[in-house]
Amino acid sequence: MTETTGTPAGPRPFDSVLVANRGEIARRVIAAAHARGLRAVAVYSDADADSLHVAEADEAVRLPGDAPADTYLRSEKIIAAAHATGVQAIHPGYGFLSENADFAAAVNAAGLVWIGPTPEAITAMGSKVAAKERLLAAGVPMLTNLTPDQVSDSDFPVLVKASAGGGGRGMRVVRTRAELPEALAAAAREAESAFGDGTVFCERYLERGRHIEVQVMADTLGTVWAVGERECSIQRRHQKVIEEAPSPLVERLPEMRERLFEAATDAAKAIGYTGAGTVEFLATDAGEFFFLEVNTRLQVEHPVTEATTGLDLVGLQFDVAAGVALPGPTPPPTRGAAMEVRLYAEDPSHDWRPAAGVLRRFSVPDVVSEFSGPGRPGIRLDSSVAEQDAKVEVFYDPMLAKIISWAPTRRQAVAIVESALRRSEIHGLTTNRDLLVRILADADFRAGDFATDFLTGERLERLAAPLLTDADAAVAARAAAEVLDRRAAAASPVPHVPPGWRNVGRPTYTREFHAGADVAVTPDGDVTVAGVAERAGGAHTVAVERGGIRHTVAVTLYDGDATVAEVDTARGGLALTLVNRLPSGAPAAASGSMLAPMPGVITRIGAVPGDTVTAGQPVLWMEAMKMEHAINAPADGTIAAVSVAVGQNIDAGAVVAVLENEEQA
C-alpha cells in the first residue's frame, strides 16, 4: 500500500500550525505536520502539562486551568497562543472547537489559516435541524425531524439528539411519553456542557439500524471525493466503539455503495464543502439509508480509511487549506480491510463507569506504525498515553487509544486486532479491553450480522463478562501467589519461610484475591510452578504447568502497592487484589451511605432529606469524563442526608447521601 506523503507541490501559504486540541488527535496532527516540514505548536491545560502531545510539539503554550471550559474551549486564548508563537495556521482536531463556526471565523479574522471547512459550511451543518432541511432539498434521503411537542404516541421509540456537536453526547433513546421530559432535559444539559448549545430535537429511532458513513474530501477547485465508507454500528451510549472499512453490509449489497457515494457528494456540494468531512447515514439491512448528519471535521475513525486507501487525510487537510488541488479527479481504490477499536478507561459491566487515575503500564504487541498506515498487515497505534505512569484525568473523554489493524481480508483484520488486544499489557485502570475482545470473537460480529443495538440486553451482559474463565483466573492467582510469596520471603526476617504454607501434609495456599470489585479468586492447587524469572520494573515471568500443559504468565508488582498483582496471559489479563484477612483500622462509611462511583462534579440533586425514594431511582447526577451519570438509590427508603452541593468536585468513594430504610430505622 502506498501512503501519500511529502510536501505539497503547489502554493504553500503557511509553514507552521497550532493544534487546538489534546491527546491522541493532537499527536496525530503533530506527526502529520512534521511529515510535511511544518512547525507544530501545542496548547495544554494544567492537567495536560506532562502529556505526550506537549513533549512532541516544537513549542507549547499553557492554557491555565483544567476543565475544557477554561482551556480548550477558550477561542481567544488559543488565537492569542497562535500569535504569541508566530504560527500561521490552526488545526482544531475533533471535538472541542472543531465544529464551531464562530471560532473558524475568528481564526480567519485574525489573519490565520483555518484548516477545515469554511465557517459558512460549518454553520450550514452545525444545526442538525437546519442541515436536514437543506439537504432534503438536495435530494438526500432523510428521516423526519420532530420537535418535542410534535412527537405523537405512534412515533415511539424516538431518539432525542443535540442539534450541535456529536460523539453521542446529548442523545437519549425514549420509548414512552412518560420518559420524554427527563430525557429532553438530560440531553439538553449534556449538550450545553459539551458544546455550549442545549438545543435538542427528536427523530424516529430505528431499532435495527446500521450506522454507515462516507468519508469525503473536497478541494477549493471543485473536486469532491467520496473516499470510502465505514461501518460504525458497534456503539455504546451512541458513541462508537468499533469501526471498520469497508462496511460488511455494503460489501453484501454492492449496489448500495454507489448510491451512498452519490448522496454523500451531493450533500458536500450542496453546502460548498472543502476539506475533510463525514456524511453519516442510518441504514437498514435491506440497503435503505437515511441522512443523519455531516461532521464538518476529521473523524475519530479516520485511520481505517487511511489504512484501506493509503491516504494521509490530515496531510490532505493541510494541502486543501493551502490551496493545493487533490491529486486526481477520483480517490485511490480501497484495498483489504481495516478494523479500529477504541480502548476506553471504563467498566462496561457497571453502566460504562469511567475510570480515572494512573495507567501504570500500556503496551500493545505487533505495532508496525503509529499515526499512519499501516502499510502492511499488522497494528497501527494512535494513543494519548505513555507506556508507563500515564495520568488519566476526569476532565476529558475516557478514550486511551485507538488500536487499528489492516489485512487483505476482514477475517484477518479481526484476528490481528483481537490477538493484539488479548496480549496487551494494561495495568492500573479498568478498561473495556475484555469487552472488545469478546465482541471481536462473537459469531454474529464475525459474520457481519449486527446493528446499533448490538451492545444491549443479555448480549451486553455476556460480552461485558471477564475475559478469563474461572479456571484461567485460578491459574493466574497461583502465579501471583508465587511471586507475592517470594517477595514476602525475601523481606522476612526469618529466611526460607514463605507465608501461606503449612508444615503439615501437602502445602496449602491460603492467599485469596479479588478480581474486579467482588469476584473471589483462589490459587489453583493443581498448578505446579516450574520456574520464575525476574524482569525489570517489578515484572516476573512465571512458568506454570497444569495437566501436562505449560503456560507462561507475566506477573507485575508495583512499588508502593503490596496487595495488587497485574497478571497477563496469552488469553487476556486481570488485576488481582490480595484479600486482607485482618480488619482495617480505617473508618467505615455510615450504614446506608451512597458513595460516588468515580471522581467528578455534582450537576444536579434530585432528592432532599425526608424524600422517599425507591430502589434504582436517581438521587444525584454527576459529570465525569464529559458524560452525565446518575447515582441511584440502592434500596427503598428515605433520604436522611445529602452531603454534597451542585458544582462540587468529589472524589471516588465520597459519601454523597445517606439512605435510611425501614430495617435501619
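Any value given below was found using the heavy atoms of this structure, including those in side chains, with hydrogens, waters and symmetry copies removed. For the single chain, residues carry numbers from 1 onward in sequence order.
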Within-4.5 Å side-chain heavy-atom neighbours: [X] and [Y]:
| X | Y | value |
| --- | --- | --- |
| I416 | D366 | no |
| D442 | F450 | no |
| M256 | F289 | yes |
| F318 | V29 | yes |
| Q317 | V314 | yes |
| V279 | V140 | no |
| E306 | I404 | no |
| V341 | V241 | no |

Donor-acceptor under 3.5 Å ([X] side chain, [Y] main chain):
| X | Y | result |
| --- | --- | --- |
| W225 | D219 | no |
| S233 | H211 | yes |
| E229 | S247 | yes |
| T265 | F261 | yes |
| N100 | D102 | yes |
| S405 | A413 | yes |
| R410 | E244 | no |
| E340 | I242 | no |
| D434 | L467 | yes |

[atom2] on [Y] to [atom1] on [X], rounded to 0.5 Å:
| X | Y | atom1 | atom2 | value |
| --- | --- | --- | --- | --- |
| L313 | D319 | CG | CG | 11.0 Å |
| D453 | I234 | CG | CD1 | 9.0 Å |
| D382 | E370 | CG | CD | 8.0 Å |
| S424 | R433 | OG | CZ | 6.0 Å |
| F291 | L136 | CZ | CG | 10.5 Å |
| R422 | L436 | CZ | CG | 12.0 Å |

Table please: side-chain donor-acceptor pairs of residues 113-125 below 3.5 Å, with sequence neighbours left out.
unit_1	atom_1	unit_2	atom_2	d
W114	NE1	P117	O	2.9
T118	OG1	A121	N	3.1
T123	OG1	P119	O	2.9

What do you reckon, is [atom1] of [X] surrounded by more than 12 foreign heavy atoms closer than 6.0 Å?
| X | atom1 | answer |
| --- | --- | --- |
| Q150 | CD | yes |
| R259 | CZ | yes |
| R189 | CZ | yes |
| R252 | CZ | yes |

Pair V224-Y273, side-chain contact (heavy atoms from CB on, under 4.5 Å): steps then yes or no: CA-CA 8 Å; V224 179; Y273 199 83; over 6 Å; no

NZ or CZ of R210 within 45° of F281 ring axis and under 6.0 Å: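 Negative - R210 is either too far from the ring of F281 or too far off its axis.
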
Within 45° cone and under 6.0 Å: R459 NZ/CZ vs F454 ring: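 So R459 does make the cation-pi contact.
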
Between [X] and [Y], does any side-chain N to carboxylate O distance fall below 4.0 Å?
| X | Y | value |
| --- | --- | --- |
| E293 | K161 | no |
| E301 | R342 | yes |
| R446 | E418 | yes |
| R208 | D449 | yes |
| E458 | R462 | no |

Trace of the side-chain contact (heavy atoms from CB on, under 4.5 Å) decision for L455 with L435: CA-CA 10 Å; L455 293 180; L435 172 79; 4.3 Å; yes

Distance-only polar pair, side chains of Q299 and R297, donor-acceptor under 3.5 Å: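 There is such a pair between these side chains.
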
Residues Q235 and T452: side-chain donor-acceptor under 3.5 angstrom: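 No, no side-chain donor-acceptor pair sits under 3.5 Å.
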
Looking only at heavy atoms, which two atoms of [X] and [Y] are closest? And how far apart?
| X | Y | answer |
| --- | --- | --- |
| E231 | P248 | OE1-CD, 3.5 Å |
| P348 | N432 | CG-CB, 3.8 Å |
| T334 | V227 | CG2-O, 4.1 Å |
| G328 | T223 | O-CG2, 3.9 Å |
| T309 | P332 | O-CG, 3.7 Å |
| P408 | P377 | CD-CG, 4.0 Å |

Aromatic plane relationship, Y396 with F96 - under 30° parallel, 30 to 60° tilted, over 60° perpendicular: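 Taking Y396 first and then F96, their aromatic rings stand perpendicular (interplane angle over 60°).
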
Parallel, tilted or perpendicular, as decided by the 30° and 60° cut-offs, for the rings of Y205 and H238: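 Aromatic pair H238/Y205 classed perpendicular.
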
Residue of the set R230, K240, K132 for which salt bridge (Lys or Arg N to Asp or Glu O under 4.0 Å) holds with E280: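 When salt bridge (Lys or Arg N to Asp or Glu O under 4.0 Å) is applied between E280 and each of R230, K240, K132, only K240 qualifies.
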
Steps toward side-chain contact (heavy atoms from CB on, under 4.5 Å) verdict (D397, Q239): CA-CA 11 Å; D397 187 275; Q239 286 183 302; 4.0 Å; yes

Just distance, no hydrogens or angles: give the donor-acceptor pairs under 3.5 Å from side chains in residues 180-188, sequence neighbours left out.
unit_1	atom_1	unit_2	atom_2	d
E182	OE2	R604	NH2	2.8

Test side-chain contact (heavy atoms from CB on, under 4.5 Å) applied to K402 and R28, step by step: CA-CA 11 Å; K402 303 181 306 195; R28 168 73 184 95; over 6 Å; no

